[in-house]
Amino acid sequence: FYCKSLEQTYTWTGTGANAGVNLNMFSLFGSPTQSKRFVFINNGHIGGSIGSQGPALTTGIFPAGSTLVFINNGVVSGAGGSGGSIQQSPSGDITHGQPGGPGFRADFLTYIDNTNGVIQGGGGGGGGAADLGASNWYMVQGGGGAGIPGGPVTSYGWVTSAGAAGTMTAGGHGASNNYGGNPAQS
């Protein structure tokens, strides 16, 4: 026997500009204080935030005796890492590509159905590079890593060859074959 009043369902549908960023299931359920069966359904896109190594989606901690079910029919993706670059100076200080963020963190026992969805960490950004020869400076940017959102390209002024930002599914091209990383999928 199961009482339906002891179940609470939350469905996320945001995509594109309305994609979720760093969501917490416990907060979305209204920070419950009574144990129930909680069912979180993702039918949209949930991503991380650039520059934050925080997960795109966390469970939070539910009241003792609760059951948490996560049905993923959409995409949960960590943010893509920023692509590296080089600062305009004779020393050519290179910035490395940044790591992508994690897609999901469970702080509470969670039953996951990911049959129709994707859970992925964001790809790391490609590194910057430079050739600081005697007569010419050649500075290139690394591509941004894949994720939600895709990793941006870091820029410190004068760059002779620009990289591209990552997208949800692919790392951005680097200016000199130093691509950003593709997402890591479950």
Side-chain angles (χ1 to χ4, degrees), residues 2-84 96-125 143-154 165-172 180-186:
Y2 182 75
C3 180
K4 192 71 170 169
S5 67
L6 296 177
E7 179 175 290
Q8 185 176 347
T9 301
Y10 185 96
T11 303
W12 179 263
T13 59
T15 61
N18 295 316
V21 177
N22 300 113
L23 298 181
N24 178 283
M25 291 182 192
F26 179 75
S27 296
L28 293 172
F29 279 108
S31 303
T33 58
Q34 307 241 334
S35 64
K36 287 185 182 182
R37 180 176 192 259
F38 297 93
V39 180
F40 181 85
I41 302 169
N42 176 36
N43 290 330
H45 296 155
I46 301 171
S49 57
I50 297 293
S52 165
Q53 293 306 308
L57 179 65
T58 58
T59 63
I61 299 174
F62 286 79
S66 295
T67 301
L68 179 59
V69 177
F70 173 28
I71 301 170
N72 186 34
N73 299 317
V75 177
V76 177
S77 176
S82 298
H96 301 287
Q98 298 300 304
F104 177 70
R105 184 184 74 217
D107 302 312
F108 188 82
L109 178 63
T110 307
Y111 299 93
I112 301 172
D113 178 352
N114 196 39
T115 304
N116 299 313
V118 174
I119 299 173
Q120 65 189 24
I148 299 177
V153 176
T154 305
T167 68
M168 181 172 75
T169 57
N182 288 330
Q185 295 187 1
S186 62

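- No donor-acceptor pair closer than 3.5 Å links the side chain of Asn43 to the backbone N or O of Gly74.
- Closest heavy-atom contact between Lys36 and Leu6: CB-O, 3.1 Å.
- Across Ser66 and Gln34, no two heavy atoms sit closer than the pair OG-O, 4.3 Å.
- Summarising the geometry, atom OG1 belonging to Thr9 is positioned 8.0 Å from atom CZ belonging to Arg37; distances are rounded to the nearest 0.5 Å.
- Looking at every heavy atom in both residues, Ala56 comes nearest to Gly47 through CB-C, 3.3 Å.
- Using a distance-only test at 3.5 Å, with no hydrogens or angles considered, a donor-acceptor pair links the side chain of Thr59 to the main chain of Asp107.
- Between Phe40 and Tyr10, the ring-plane angle classifies as parallel under the 30° and 60° cut-offs.
- Taken from CD1 in Ile61 to CG in Leu68, the straight-line distance is 12.0 Å, to the nearest 0.5 Å.
- Rounding to the nearest 0.5 angstrom, the gap separating the CH2 atom in Trp12 from the CG atom in Leu23 is 5.0 Å.
- In terms of heavy atoms, Gly65 sits closest to Ser35 at C-CB, 3.7 Å.
- Looking at Asn42 and Phe70, their side chains come closer than 4.5 Å, going by heavy atoms from C-beta outward.
- The shortest heavy-atom contact between Pro63 and Pro32 is CG-O, 3.4 Å.
- Considering only heavy atoms from C-beta on, Phe108 stays 4.5 Å or farther from Met25 through its side chain.
- Contact check for Asn114 versus Phe104: no side-chain heavy atoms found under the 4.5 Å cut-off.
- A donor-acceptor pair is defined here as one N or O able to donate and one able to accept, closer than 3.5 Å; no such pair exists between the side chain of Asn72 and the backbone of Asp113.
- One finds the OG1 atom of Thr110 at 11.5 Å from the CZ atom of Arg105 (value rounded to the nearest 0.5 Å).
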